[in-house]
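This report concerns only the one structure given below.
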Amino acid sequence: MKSIPFEALKRKNVKIILMKKTALIGGKIYTGNEIIEKKALLLDGGVIVGTVDDKDIPVGYQSLDVKGANICAGLVDLQLYGDGSDLYSAELSLASLERISNGLIDKGTTSYMMTLATNTIPVFKEAIRVAEDYHHDAFLGLHLEGPFLNAKKRGAHPEELIITPTKERIEDLLEGSQVVKMMTIAPECISDEVLRYLQTYQLLLSAGHSNATFAEGTHGYDAGIPTSTHLFNAMSPLHHREVGLVGAVFNHHRACSSIIVDGHHVSFEAVKIAKKQMGDRLFMITDAVAACNKGIYQHVLNDGYYALPDGTISGQQFPYLKESETVYSRSGFRWTKRSGCRQPIRRIY
């Protein structure tokens, strides 16, 4: 049985190696339901064949010792704004998207929605125009987090750029676009008629940056909004007299939500409570940004998170795999890979 060095995976021939009959050994295998150790994962032509004991690896397979690394499906992130030193909204170019995509793959994220926070309509349109011509295996499309939000829960978004959704404004922003795939909206700020019109664009709609009451949030989910944006953050909280959007998410049997698990945006105890309430309806995002000193969003790095110059928390620092390890060590959950792979994909498809 031939062995190849783990360092080979760092090079451009990774696809060539994994397309052959390869047995990955020495790692933790995450199936989505369990963690398997002291087994070999068999790949043939890039397809998973199964797992066997190391001593039972079939003839013809080359072994690759991953030296204790995690073996899991590529992670899916439905909300991030950049990577490394690239913030897409500050540099609307194909080169920026390419650097972001390649950087994310190196960190274990193989599918992502490039997110744009509330901005001017010309910036939104230019971001859409550039992204329409971009193609990469990891790039799922654009997530517009705004401008149809509730200014009372704007978070780091500029209040003056938040607008009320109308058919005319939606058409002006989205008409002809094929690359916008997801949008965060405040359900209490959109009429039923306009929501039905927005749904004709077949986007993944997400309730967020919202001050909705329990009744308003529940009505939005009943009307077909399937998911929610960064649970607890920038939404009406759970209170014993008015349980708000958080209560609506918890209570609605179909409503899903993303959550940022870094200990800054949401405490680990709150993550535990949400997971117990929602189960597989809860999934992870990074909300990752990049250091930036130009444009509307000037992100300053703090201890594990980014903030605007005025101190408003504005995004996470860590990439997905780092966040995954944080969940295991601080939350006690063994659900990260599942919530970072399978659940987000279900939201898209």
Side-chain angles (χ1 to χ4, degrees), residues 1-78 101-112 136-140 261 271-272 275 278-286 318-349:
M1 180 175 61
K2 180 183 177 183
S3 295
I4 53 178
F6 180 49
E7 290 71 21
L9 286 177
K10 305 294 184 181
R11 305 186 190 123
K12 293 182 180 180
N13 62 350
V14 58
K15 288 185 178 180
I16 297 174
I17 293 172
L18 297 183
M19 287 302 289
K20 297 178 180 179
K21 288 188 174 183
T22 303
L24 302 181
I25 62 174
K28 292 182 179 180
I29 303 169
Y30 293 83
T31 68
N33 295 308
E34 60 180 333
I35 301 173
I36 301 174
E37 298 186 71
K38 299 180 181 178
K39 294 275 189 177
L41 183 71
L42 302 180
L43 304 174
D44 187 354
V47 176
I48 295 174
V49 176
T51 59
V52 298
D53 291 333
D54 290 355
K55 61 182 177 57
D56 296 327
I57 296 174
V59 175
Y61 278 79
Q62 58 183 0
S63 68
L64 172 59
D65 188 345
V66 301
K67 302 184 185 301
N70 296 324
I71 303 171
C72 66
L75 297 168
V76 181
D77 196 342
L78 299 189
S101 296
N102 292 335
L104 291 171
I105 286 178
D106 287 344
K107 300 177 181 74
T109 297
T110 55
S111 298
Y112 75 97
H136 192 287
D137 288 345
F139 178 65
L140 297 173
V261 187
V271 174
K272 291 179 182 180
K275 180 59 179 174
M278 297 184 65
D280 281 350
R281 293 187 291 123
L282 188 68
F283 62 95
M284 291 172 56
I285 54 169
T286 61
F318 298 120
Y320 228 153
L321 284 175
K322 176 67 174 177
E323 184 180 20
S324 299
E325 297 310 313
T326 300
V327 173
Y328 288 121
S329 63
R330 300 295 300 277
S331 297
F333 284 127
R334 309 189 87 183
W335 58 285
T336 308
K337 303 300 187 293
R338 183 185 182 95
S339 298
C341 304
R342 183 180 301 178
Q343 306 312 329
I345 285 295
R346 285 178 175 172
R347 306 288 77 78
I348 303 169
Y349 300 107

Please identify each residue that fulfils side chain to side chain contact (heavy atoms under 4.5 Å, CB included) with Ile25, with sequence neighbours left out. Ala40, Asp54, Ile57, Ser63, Asp65

Say you draw a straight line from [atom1] of [X] to [atom2] of [Y]; how long is it, rounded to the nearest 0.5 Å?
X: Cys72; Y: Ile29; atom1: SG; atom2: CD1; result: 11.0 Å
X: Leu64; Y: Lys20; atom1: CG; atom2: NZ; result: 12.0 Å
X: Ile71; Y: Leu41; atom1: CD1; atom2: CG; result: 5.5 Å

Using a 4.5 Å cut-off on heavy atoms from C-beta on, say whether the side chain of Lys21 contacts that of Gln62. no

Minimum side-chain heavy-atom gap Ile48-Leu42 below 4.5 Å: no

Between Leu104, Ile285, Leu78, which is the residue that forms a side-chain contact (heavy atoms from CB on, under 4.5 Å) with Tyr112? Leu104

Which pair of non-hydrogen atoms, one from [X] and one from [Y], has the smallest distance, and what is that distance?
X: Ile105; Y: His136; answer: CD1-CE1, 3.3 Å
X: Thr51; Y: Lys39; answer: CB-CB, 4.4 Å
X: Leu43; Y: Tyr61; answer: O-CE2, 3.3 Å
X: Lys275; Y: Asp280; answer: NZ-OD1, 3.7 Å

Can you name the residues that form a side chain to side chain donor-acceptor pair (under 3.5 Å) with Thr110, not counting sequence neighbours? none

Going through the checks in order, is the side chain to side chain donor-acceptor pair (under 3.5 Å) test met by Thr109 and Asp77? CA-CA 7 Å; Thr109 297; Asp77 196 342; 5.3 Å; no

